Number of protein chains: 2
Amino acid sequence: MNLKQLSELLGLSQTTVSRALNGYPEVNEATRERVLQAVKETGYRPNKAAQRLATGKAGSIGLVMPTAPGHQSDVHFGEFLAGLGEEAVRHDFHFVIMPADPDDEVAALRRLAVSGNVDALFVAYMRGHDPRLAMLKSLSMPYVVHGRSFGSEPDYPFLDIDNEGAFYDATRLLLQLGHKRFALMNGPMHLDFAIRRRNGVMSALAERGLALDEDCASHALMTDEQGLLAMERFLQLPDRPTAILCSSTVLALGAIRAVNQAGLRLGEDISLIAHDDVLPLLKPENFSVPLTTTRSSLRAAGVRIAQRLIGTVKQAGPFPDQELWKTELIVRASTGPAPQQR
Amino acid sequence: MNLKQLSELLGLSQTTVSRALNGYPEVNEATRERVLQAVKETGYRPNKAAQRLATGKAGSIGLVMPTAPGHQSDVHFGEFLAGLGEEAVRHDFHFVIMPADPDDEVAALRRLAVSGNVDALFVAYMRGHDPRLAMLKSLSMPYVVHGRSFGSEPDYPFLDIDNEGAFYDATRLLLQLGHKRFALMNGPMHLDFAIRRRNGVMSALAERGLALDEDCASHALMTDEQGLLAMERFLQLPDRPTAILCSSTVLALGAIRAVNQAGLRLGEDISLIAHDDVLPLLKPENFSVPLTTTRSSLRAAGVRIAQRLIGTVKQAGPFPDQELWKTELIVRASTGPAPQQR
DNA sequence: CCCAGTGCCCAAAGCGCTTTCAATTATGTA
DNA sequence: TACATAATTGAAAGCGCTTTGGGCACTGGG
């Protein structure tokens with residue numbers, strides 16, 4: 001069933017039917033009713049590809065999903081998507097997801113953009129000096145970046161959390177508790193958030209004349225395995241750290257396993273603060289020792305970004321171009337005073 | 001840059017350029033080279049919406065993602081998507097994801113199908129007597145169902161795991177270990193896999209003249225909270241179960257927390273077998289007591305379904321219509337002989 | 001020398017929709 | 001009663017692509 005058939009059925013022109021459906025004012029209310037009724041009966045749905053071709057809009061936002069045979073799926077991605085979806089469903093938007101090899105993201109993004117079947121782009125996994133920014137700017141298509149790109153001029157629309165502030169505050173708390181030996185379990189160093197969090201830690205330490213030892217910084221994929229490995233390394237250090245900053249509750253999961261296996265007690269021998277993206281699966285309060293965290297909901301960020309993206313496409317009012325969300329520092333049981341000097 | 005411009009630039013007709021790009025034989029090799037070269041220089045990409053409109057194909061597979069403000073995002077969904085994506089990227093396919101209220105899935109699916117921007121559909125979260133099947137059959141669009149629909153004629157293309165067999169085997173193992181009092185922590189009862197797993201447990205029990213007590217069966221969302229709550233309930237039973245069958249490692253996570261909080265030892269006081277979808281975050285071997293599991297990779301299922309879907313769209317050879325994968329029963333430390341009668 | 005066959009290429013139709021421009025009828029106003 | 005004005009509706013162009021149905025220039029066998 002297409003427009004033509006529907007209009008013939010109704011004895012109207014395609015024009016009128018189209019107008020009736022799209023809420024144009026110049027159509028008689030009685031006629032509109034009749035059209036709507038017929039749509040209900042026939043189950044007619046406009047062909048999106050045709051609509052897109054005719055209007056240039058298609059009610060879809062595009063994103064690329066990094067994936068590869070060895071590539072471990074990322075819980076953060078799913079959670080973020082849920083947030084986007086929550087908002088999208090309210091506006092009858094959908095997503096076009098282009099899977100792409102992680103090394104091919106910039107090309108994939110360009111392909112997606114020029115493919116002509118998305119109205120706006122969402123970009124994540126930002127890196128320092130991210131090469132995608134230049135491309136996006138040249139594109140004349142709305143986009144919002146989740147995160148920022150360290151080292152690039154901040155002249156692009158983004159939503160980010162204050163990673164540096166979060167880790168600065170967390171570090172200060174641990175300092176106040178008397179800790180002197182710190183370690184950082186971070187995400188891959190090329191990612192923006194990792195750079196900023198590291199900076200946050202280092203500047204808090206610097207204020208006390210401390211530095212972050214190279215041996216005490218791990219930059220790796222945020223999986224529980226990597227958390228385990230990193231923590232094992234830390235614990236074997238001659239002068240092992242007593243305070244751990246951790247970029248994700250996923251890493252913390254592995255880290256805590258290592259702590260337990262070493263027979264140490266979390267919150268006493270070792271204090272740990274993790275960043276909490278509010279993953280449904282990894283609630284800090286459900287850890288055997290509830291985790292002190294810096295918190296910011298990934299899902300809420302998804303909702304907000306979808307709002308901005310969709311709002312822009314629909315030309316609904318101005319949106320702030322750049323948002324920086326504060327995180328909350330929530331103290332639970334995984335932090336405690338520094339143990340007495342051995 | 002569109003076809004028209006490109007062809008004018010080359011002094012060729014749109015026809016020839018189009019043919020050159022799509023690998024038709026009736027175009028001079030030299031001409032084709034010239035076209036390809038121009039494409040490289042101009043960065044021309046065909047408009048997907050126009051292609052779709054003209055050909056009816058667009059290289060995309062559609063799926064609906066259940067989502068709602070309160071709706072907890074599902075790790076299983078993300079993991080499955082990763083599998084789909086891994087295969088899709090090889091064929092330059094993408095996804096169109098329609099977010100939808102969980103109560104609106106059948107309508108959302110129809111909208112997606114008739115929207116005309118997907119070539120095939122993937123359907124999950126199957127229920128008993130699933131109403132979507134009838135709709136899908138009437139659609140004349142390729143689709144593959146992940147799972148099955150209990151109570152419906154099995155005359156549709158699906159890929160499923162042998163849920164009944166898995167839980168039958170798991171139950172038998174526990175019976176052999178001497179357990180007499182069983183409990184089942186399952187997903188929502190309207191879902192197909194939950195029905196079959198339950199049946200598997202019950203038929204194994206029935207062979208020994210045992211039955212599954214109503215108090216010892218929990219059907220709820222597969223979250224760690226629900227796992228915790230269910231297990232707490234089980235443990236308060238006057239004659240508490242010693243053997244637990246668990247539909248997900250996510251549920252197991254909560255369940256084990258309850259076991260620990262009750263001061264009981266997993267694998268001794270309580271034996272537990274969970275189904276393992278091979279989620280990267282929840283490796284059974286990484287639990288404090290490594291989990292005995294029935295295993296089947298969700299991601300592998302995603303890859304396979306994408307193969308079938310894409311293969312069908314591309315008319316590449318026949319694919320089996322129905323696949324039932326066996327699961328593996330992997331014994332680790334969470335199962336042990338039934339404790340002596342108290 | 002003629003004609004069927006082959007190799008290449010093009011004009012134009014059509015996919016299903018939106019939107020401009022124009023036509024027709026109804027409604028007031030002078 | 002006559003004419004400007006508003007209220008509805010339609011015809012047709014166009015979005016960017018694929019594909020059908022020719023057309024033209026060569027070849028080579030008869």
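The model shown is predicted, which means the values in this text are computed figures rather than measured ones.
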- Got a sec: does the CD of A:Glu26 have more than 12 other heavy atoms crowding it under 6.0 Å?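 Result for CD/A:Glu26: enclosed.
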- Query: Crowded around A:Arg111 CZ? As in, over 12 foreign heavy atoms under 6.0 Å?
  - Reply: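 Enclosed.
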Over how many whole Å does the gap from [X] atom [atom1] to [N] atom [atom2] extend?
{"X": "B:Glu33", "N": "C:dC8", "atom1": "CD", "atom2": "C1'", "value": "16 Å"}
{"X": "A:Gln51", "N": "D:dC17", "atom1": "CD", "atom2": "P", "value": "19 Å"}
{"X": "A:Leu6", "N": "C:dC17", "atom1": "CG", "atom2": "P", "value": "9 Å"}
{"X": "A:Arg52", "N": "C:dC15", "atom1": "CZ", "atom2": "C1'", "value": "17 Å"}
{"X": "A:Lys4", "N": "C:dT18", "atom1": "NZ", "atom2": "P", "value": "16 Å"}
{"X": "A:Asn47", "N": "D:dC17", "atom1": "CG", "atom2": "P", "value": "17 Å"}
{"X": "B:Leu3", "N": "D:dG16", "atom1": "CG", "atom2": "C1'", "value": "7 Å"}
{"X": "B:Met1", "N": "D:dC17", "atom1": "CE", "atom2": "C1'", "value": "15 Å"}

- Query: Can you name the residues that form a side-chain hydrogen bond (donor to acceptor under 3.5 Å, both in side chains) with A:Asp103, not counting sequence neighbours?
  - Reply: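 Counting only residues at least two positions away or on another chain, A:Asp103 forms no side-chain hydrogen bond (donor to acceptor under 3.5 Å, both in side chains).
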- Can you sort out the partners of B:Val35 under side-chain contact (heavy atoms from CB on, under 4.5 Å), two or more places apart, ordered by chain and number?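 Partners of B:Val35 by the side-chain contact (heavy atoms from CB on, under 4.5 Å) criterion, ordered by chain and then number, come out as B:Leu10, B:Leu12, B:Val17, B:Ala20, B:Leu21, B:Val39.
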Side chains of [X] and [Y]: donor-acceptor distance under 3.5 Å anywhere?
{"X": "A:Ser18", "Y": "A:Thr15", "value": "no"}
{"X": "B:Arg304", "Y": "B:Gln307", "value": "yes"}
{"X": "A:Asp74", "Y": "A:Tyr125", "value": "yes"}

Any side-chain N or O of [X] below 4.0 angstrom from OP1/OP2 of [N]?
{"X": "B:Asn2", "N": "D:dG16", "answer": "yes"}
{"X": "A:Thr31", "N": "D:dT9", "answer": "yes"}
{"X": "A:Tyr24", "N": "C:dT20", "answer": "no"}

- Query: Should B:Glu79 and B:Pro280 count as side-chain neighbours, where that means a heavy-atom distance under 4.5 Å?
  - Reply: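 A side-chain contact exists here, since the closest heavy-atom pair is under 4.5 Å.
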- Any side-chain heavy-atom pair of A:Arg90 and B:Pro69 under 4.5 Å: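 Heavy-atom side-chain distance check passes, below 4.5 Å.
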- Query: How long is the gap from CZ on B:Phe95 to OG on B:Ser60, to the nearest 0.5 Å?
  - Reply: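 Between atom CZ of B:Phe95 and atom OG of B:Ser60 there are 10.0 Å.
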- Query: Does the separation of the ring centres of A:Tyr143 and A:Tyr156 fall below 6.0 angstrom?
  - Reply: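 So the answer is no for these two rings.
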- Message: So that I know where these two stand, are B:Phe150 and B:His129 an aromatic pair - ring centroids less than 6.0 Å apart?
- Response: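 No; B:His129 has its ring centre 6.0 Å or more from that of B:Phe150.
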N/O-N/O pairs, protein side and nucleotides 5-7 of chain D side, under 3.5 Å:
none

- Task: Return the 5'-most residue of the pair B:Ala54, B:Pro25 with respect to DNA chain C, ranking by each residue's nearest nucleotide.
- Result: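 Its nearest nucleotide lies further toward 5', so the answer is B:Pro25.
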Check nucleotides 22-28 of chain D for protein N or O atoms closer than 3.5 Å to its own N or O atoms and list the pairs.
none

Any N/O pairs under 3.5 Å between the protein and nucleotides 23-26 of chain C? List them or say none.
none

- Between A:Arg299 and A:Asp277, is there a salt bridge with N-O shorter than 4.0 Å?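 Result for this pair is no, no salt bridge flagged.
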- Specify whether B:Phe122 and B:Phe80 have parallel, tilted or perpendicular ring planes, treating 30° as the upper limit for parallel and 60° as the lower limit for perpendicular.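 Parallel.
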- Task: Check each residue of residues 10-18 of chain A for a non-hydrogen atom within less than 4.0 Å of any atom in DNA chain C, then write out the ones that pass by number, or none.
- Result: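 Close to the strand are A:Gln14, A:Thr15, A:Ser18.
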